[in-house]
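Position 1 is the first residue of the sequence, and the numbers go up from there.
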Amino acid sequence: MRKRKVQWLAAACVICLAQPVWAATESTIVYQDTLDSVGQSYAGEISKASTPEYSNIRVVRRGEKAKSATPAEQLPTRIDANKMSYTGSTGDVYAQGDVVVSQGNQTLMAPRIEGNTKTTEYRTVGGYRYLEDGGKTKDITGQNMTYRTSDRHFEADQAMGWSDPYYVKGNNATFDGQIGHMEKGMVTTKHAMAFVHTPDYRVEGQDIQVYPGDKVVIKKPSFYIKNFKVLSLPSYTTSLRHDKEGKFSIFSLIPKPTYSNDDGIGLHGSTEYPIGKNGEAYIDYRWYSKSGFKPQVGYRHYLPWGTASVGYSKESNEYNDETVWVEKIGEARLDTHTYHVGNSPITVRGGVNAGYWKEGSVKGSHKEYYAEVSHDPIKLGKNADLRFLGGYQRDYYGYDGSIRSMPYWGARFQSKVGNRANVWVSYNQRNITYNNSPYRFDTTELPKELIYGGTYKLTRLDDISVSVKNNMMSGDIDSVYYTWHRDLHSFDMYLTYKDGHKNKNDQWKIKFVGKDF
């Protein structure tokens with residue numbers, strides 16, 4: 001009996017910071033963290049515009065259910081302490097002296113733990129430290145914590161440390177089974193965290209409330225870069241509805257500095273605001289010293305099988321290695337999730353969109369629909385995989401009345417070689433009959449191209465990569481890219497030299513990009 005009661009105490013203590021509301025329920029869709037075009041961008045290259053072949057997608061296996069979290073009371077528990085006692089008549093439990101409670105991947109450490117099995121309330125005394133995965137995903141410390149097993153309510157006077165993907169610090173942290181709350185809180189990221197000096201950037205709020213899967217509300221937030229206060233607001237609400245992986249960026253509203261040869265010095269920020277039960281308004285703003293103000297604003301609605309949206313945007317792509325911008329006015333989109341066909345590894349997806357495009361003097365209506373078939377990557381070894389894809393895209397351009405019919409297919413191979421090197425090969429073929437696009441923004445420059453290359457890690461902070469692009473229609477090398485990547489703590493720097501070969505358009509490019517934005 002005593003052993004059983006002590007196990008109840010251990011279970012209570014371990015659950016308190018495990019955030020049980022985040023655990024998946026039986027009705028939750030299984031989302032896989034997959035990039036739709038695996039290997040489309042080589043290491044060291046900046047991702048291109050969000051088009052069907054470059055978009056981030058969610059892969060859903062139809063009919064499959066997420067696994068429910070096993071109740072903590074059913075998991076085996078180990079308690080180590082110098083002294084433990086239990087009184088059956090009152091239900092009081094007491095453990096003292098280097099108390100270590102271990103349960104699965106969770107560990108709670110405290111000098112002393114006191115509680116009662118009848119009230120289901122337990123307290124740590126003299127400080128606590130909570131770990132998950134040995135501290136890889138969570139490493140939280142504080143002075144005192146109280147937890148009730150009956151309603152999953154916990155209170156902690158202080159909470160400070162690592163909770164993937166952020167470092168957090170705050171007072172009076174609570175969770176009532178539905179809402180997480182913290183007073184006088186601070187949040188920063190692992191790339192910005194400075195353990196001796198001030199973090200590179202952070203958000204401080206008088207009151208932070210988290211509604212899992214819905215939104216975050218911060219009262220009187222202040223956004224900092226080092227000790228410089230960039231922005232203060234009476235209140236800040238951001239949506240979590242688009243965040244299927246638990247990796248939303250609370251720093252998205254801060255204007256982050258960037259730089260590139262083409263656009264010059266820039267600032268970038270974004271935020272989403274929940275509307276109704278399934279929608280959110282969004283704004284993404286970019287300002288460049290050379291290109292000017294480039295906003296994206298609109299509304300998204302999340303459907304069980306996809307996402308519908310309507311909005312206004314200025315978007316960029318590259319044409320002959322130069323940045324080009326298109327203005328999309330009133331564009332409406334409907335894109336499905338990527339679904340497995342039955343229980344097979346084959347996946348399908350599709351979508352339609354329509355709007356008004358403007359690129360300089362070229363302007364008019366634009367309509368498009370597409371469909372694509374692919375599969376889960378084929379494992380060719382422990383560190384190598386191969387993937388094929390094929391699809392059809394059809395565009396209608398009101399500017400000149402042209403129609404572009406474009407069946408396409410491709411293959412992606414990537415492999416890790418040792419601890420420092422990676423190699424890749426990518427083939428793309430777009431079968432254009434007679435028309436290309438009147439817009440440089442979505443013009444297909446090389447209908448048949450082969451890209452291969454590799455990257456090598458020189459030091460903990462540096463790596464170099466070489467990527468060769470071949471024009472398979474002429475058989476010639478189109479260009480070779482040599483890139484040096486440097487980790488600059490909160491930013492990444494990419495210095496690239498392009499050897500244009502026969503085109504003789506050699507050029508240098510440099511980009512600075514924030515990591516956590």
Side-chain angles (χ1 to χ4, degrees), residues 34-57 260 262 316-324 372 374-375 377-378 380-381 383-391 393 406-417 420-432 436-437 440-457 463-485 492 494-511 513:
T34 305
L35 184 66
D36 182 42
S37 49
V38 176
Q40 185 74 31
S41 296
Y42 61 85
E45 181 185 15
I46 305 300
S47 297
K48 295 183 173 61
S50 179
T51 59
E53 64 265 32
Y54 292 103
S55 62
N56 286 315
I57 55 113
S260 70
D262 291 339
S316 66
N317 207 341
E318 288 195 356
Y319 180 80
N320 287 333
D321 289 307
E322 298 294 333
T323 301
V324 294
E372 184 175 285
S374 187
H375 59 87
I378 301 170
L380 301 180
N383 298 312
D385 57 62
L386 175 67
R387 179 172 175 262
F388 296 93
L389 61 89
Q393 179 180 330
M406 190 167 65
Y408 63 90
W409 70 275
R412 317 275 187 262
F413 169 81
Q414 58 184 5
S415 177
K416 184 177 180 180
V417 183
R420 291 178 175 267
N422 291 277
V423 296
W424 61 85
V425 180
S426 176
Y427 178 76
N428 304 300
Q429 179 168 322
R430 296 173 176 84
N431 299 305
I432 302 173
N436 210 322
S437 172
R440 294 179 300 162
F441 172 79
D442 68 335
T443 291
T444 298
E445 296 183 60
L446 297 179
K448 298 179 181 180
E449 64 178 9
L450 175 69
I451 302 173
Y452 57 87
T455 183
Y456 185 80
K457 193 168 186 63
D463 57 76
I464 57 173
S465 63
V466 179
S467 183
V468 182
K469 182 188 291 187
N470 292 267
N471 185 343
M472 299 305 292
M473 300 184 71
S474 65
D476 298 326
I477 293 178
D478 178 79
S479 53
V480 181
Y481 299 86
Y482 303 90
T483 299
W484 168 42
H485 163 242
D492 286 303
Y494 299 89
L495 179 62
T496 300
Y497 173 71
K498 174 193 174 184
D499 182 351
H501 277 253
K502 292 185 177 181
N503 296 326
K504 296 182 179 180
N505 59 339
D506 301 353
Q507 57 180 292
W508 286 92
K509 284 194 175 185
I510 186 169
K511 290 187 178 182
V513 182

Could you give the distance from [atom1] ([X]) to [atom2] ([Y]), rounded to the nearest 0.5 Å?
X: K457; Y: N422; atom1: NZ; atom2: CG; result: 10.0 Å
X: Q507; Y: T496; atom1: CD; atom2: OG1; result: 10.0 Å
X: R387; Y: S426; atom1: CZ; atom2: OG; result: 10.5 Å
X: D478; Y: M473; atom1: CG; atom2: CE; result: 12.5 Å
X: Y494; Y: K511; atom1: OH; atom2: NZ; result: 10.0 Å
X: N428; Y: I451; atom1: CG; atom2: CD1; result: 6.0 Å

Do [X] and [Y] have side chains that get closer than 4.5 Å, going by heavy atoms?
X: T444; Y: Y408; result: no
X: Q414; Y: D385; result: yes
X: R440; Y: N320; result: no
X: V480; Y: V466; result: yes
X: S465; Y: H485; result: no

Residue pair [X] / [Y]: nearest heavy atoms and the distance that separates them:
X: S437; Y: T443; value: O-OG1, 3.5 Å
X: F441; Y: V324; value: CA-CG2, 3.8 Å
X: N436; Y: D442; value: OD1-O, 4.5 Å
X: H375; Y: L386; value: CE1-O, 3.7 Å
X: I464; Y: T455; value: O-OG1, 3.0 Å
X: S479; Y: G500; value: CB-CA, 4.4 Å

Only counting residues at least two apart or in another chain, list the ones meeting salt bridge (charged side-chain N to carboxylate O under 4.0 Å, His left out) with [X].
X: D476; value: K502
X: K416; value: none
X: K469; value: none

Contacts of [X] that satisfy side chain to side chain donor-acceptor pair (under 3.5 Å) - sequence neighbours left out:
X: N383; result: none
X: K509; result: D262
X: W484; result: D462

Which class fits the ring pair Y497 and Y482: parallel under 30°, tilted 30 to 60°, perpendicular over 60°?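 Because their plane-to-plane angle is under 30°, the rings of Y497 and Y482 count as parallel.
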Taking Y427's backbone N and O only, do any of them form a donor-acceptor pair with R412's side chain (distance below 3.5 Å, no angle check)?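 Yes: the side chain of R412 pairs with the backbone of Y427.
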